[in-house]
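Counting from 1, the numbers follow the sequence of the chain as shown. This structure is a prediction, so every number in the text was calculated from the model and none was measured. Both counts, for ligands and for their atoms, begin at 1 and track the order of listing. Every heavy atom of this structure was used, including side-chain atoms; hydrogens, water molecules and symmetry mates were not.
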Amino acid sequence: MTHLSLEQVGISFTRAGRTTEVLRDVDLKIDKGEFVSLIGHSGCGKSTVLNIVAGLLKASTGGVLLDGKEVNSPGPERAVVFQNHSLLPWLTVRENVALAVDKVLRSKKSRAERREWIEHNLALVNMTHAAEKRPHEISGGMKQRVGIARALAMEPKVLLMDEPFGALDALTRAHLQDQLMEIHLRLKNTVIMITHDVDEAVLLSDRIVMMTNGPSATIGEVLTVPLARPRKRLELVEDPTYTHARAEVLEFLYARHAKPAIAA
Ligand SMILES: Nc1ncnc2c1ncn2[C@@H]1O[C@H](COP(=O)(O)OP(=O)(O)OP(=O)(O)O)[C@@H](O)[C@H]1O
């Protein structure tokens, strides 16, 4: 059975009496453990797709199935990491992770097991040393790492990431991409990640889902990235499979589906 399935997903929004169809017939099947990126021009509807999978928005047509069950509300089996960390500022790093763990795993793990699980997830993103700090005392990259730890600590079936590294400088971003690849290799979570960064999409993904421009946006093409794992960014720079995949995505975005305003 397909793990996660988007079936004929469509959505329209009505604003001031005008209805716009943002998504139409979005069909996608994702296997357990797959890392899928969503890429497309700004405003095409990537976050809307993710929010429908998260259960934060309801599709106007079609729907989403996770392990055969229809998704119609948010749930801890679909954890979301946003671009701008959403940590509670008055809690420490450890308390932020603990809040999610205590809420979601109270009935599954004893108090001692939960304490251990919190430490395990902080260690997974190398944040043990800063566990007592509050969000304003740590860098943007560290906050994103805590956000990822908090999401992973909920033991989600699917990790949904909306431009998780978009606000970070290039070096921090590369570091977190490497960490995410390592975590994914170890835990084999199913991931859907939105990105605007073509290299990030190729480096991290098993498949890259490329969306057409809206309104009525849909999936234009899906590119499989047949690169073995673990992947090493330095070794990939000159790998023909890597450069081919990169060129395919660039051609989709800037030739076949260029934004009308910037089309040559
Ligand atoms: N709740 C809403 N009500 C009305 N319109 C909405 C709503 N949510 C999204 N939209 C519209 O849907 C379209 C797609 O938005 P969305 O944020 O999904 O795009 P995106 O591809 O994620 O953009 P970006 O890359 O800039 O983040 C936009 O035109 C947006 O204005």
Visitor: State plainly whether the residues E163 and K46 are in salt-bridge range, i.e. N to O under 4.0 Å.
Guide: no
Visitor: Using a 4.0 Å cutoff against the non-hydrogen atoms of H196, which atoms of ligand 1 qualify?
Guide: 25 (O)
Visitor: Scan side-chain atoms only and decide if E200 and T195 contain a donor-acceptor pair under the 3.5 Å cut-off.
Guide: yes
Visitor: Does R24 CZ have over 12 foreign heavy atoms under 6.0 Å away?
Guide: no
Visitor: Which residue supplies the protein heavy atom nearest to atom 31 (O) of ligand 1, what is that atom called, and how far is it?
Guide: R15 NH2, 4.1 Å
Visitor: Quick test: of every protein heavy atom, which one is nearest to atom 25 (O) of ligand 1, and how far off is it to 0.1 Å?
Guide: K46 NZ, 2.8 Å
Visitor: Where is the nearest protein heavy atom to atom 28 (C) of ligand 1: which residue, which atom, and how far?
Guide: G43 O, 3.8 Å
Visitor: With the threshold set at under 4.0 angstrom, would you say M211 reaches ligand 1 through any of its heavy atoms?
Guide: no
Visitor: Regarding S216 and E21, is there a side-chain donor-to-acceptor distance under 3.5 Å anywhere?
Guide: yes
Visitor: Give me the nearest non-hydrogen protein atom to atom 26 (O) of ligand 1 as residue plus atom name, then the distance to 0.1 Å.
Guide: S42 OG, 2.6 Å
Visitor: Write out the residue and atom name of the closest protein heavy atom to atom 18 (O) of ligand 1, then the distance separating them to 0.1 Å.
Guide: T48 OG1, 2.5 Å
Visitor: Give me the nearest non-hydrogen protein atom to atom 17 (O) of ligand 1 as residue plus atom name, then the distance to 0.1 Å.
Guide: S47 CB, 3.7 Å
Visitor: Note the single closest protein heavy atom to atom 1 (N) of ligand 1, along with its residue, its atom name and the distance in Å.
Guide: F13 CE2, 3.6 Å
Visitor: Any N/O of V22 closer than 3.5 Å to an N/O of ligand 1?
Guide: no
Visitor: For residues 50-68, dump all side-chain donor-acceptor pairs below 3.5 Å to protein atoms at least two apart in sequence or in another chain.
Guide:
{"unit_1": "N51", "atom_1": "ND2", "unit_2": "S47", "atom_2": "O", "d": "3.2"}
{"unit_1": "S60", "atom_1": "OG", "unit_2": "S12", "atom_2": "N", "d": "3.0"}
{"unit_1": "T61", "atom_1": "OG1", "unit_2": "G10", "atom_2": "N", "d": "3.2"}
{"unit_1": "D67", "atom_1": "OD1", "unit_2": "H3", "atom_2": "ND1", "d": "2.9"}
{"unit_1": "D67", "atom_1": "OD2", "unit_2": "K157", "atom_2": "NZ", "d": "3.0"}

Visitor: Counting both backbone and side chain atoms, is some N or O of G45 under 3.5 Å from an N or O of ligand 1?
Guide: yes
Visitor: Considering residues, nucleotides and ligands other than K109, do more than 12 of their heavy atoms fall under 6.0 Å from its NZ?
Guide: yes
Visitor: Output yes when D197 and R173 qualify as a salt bridge under the 4.0 Å nitrogen-oxygen rule, no when they do not.
Guide: yes
Visitor: Between ligand 1 and C44, can you find any atom pair, the residue atom being a heavy atom, that is separated by under 4.0 Å?
Guide: yes
Visitor: For the residue pair T14 and T19, confirm or rule out a side-chain donor-acceptor distance under 3.5 Å.
Guide: yes
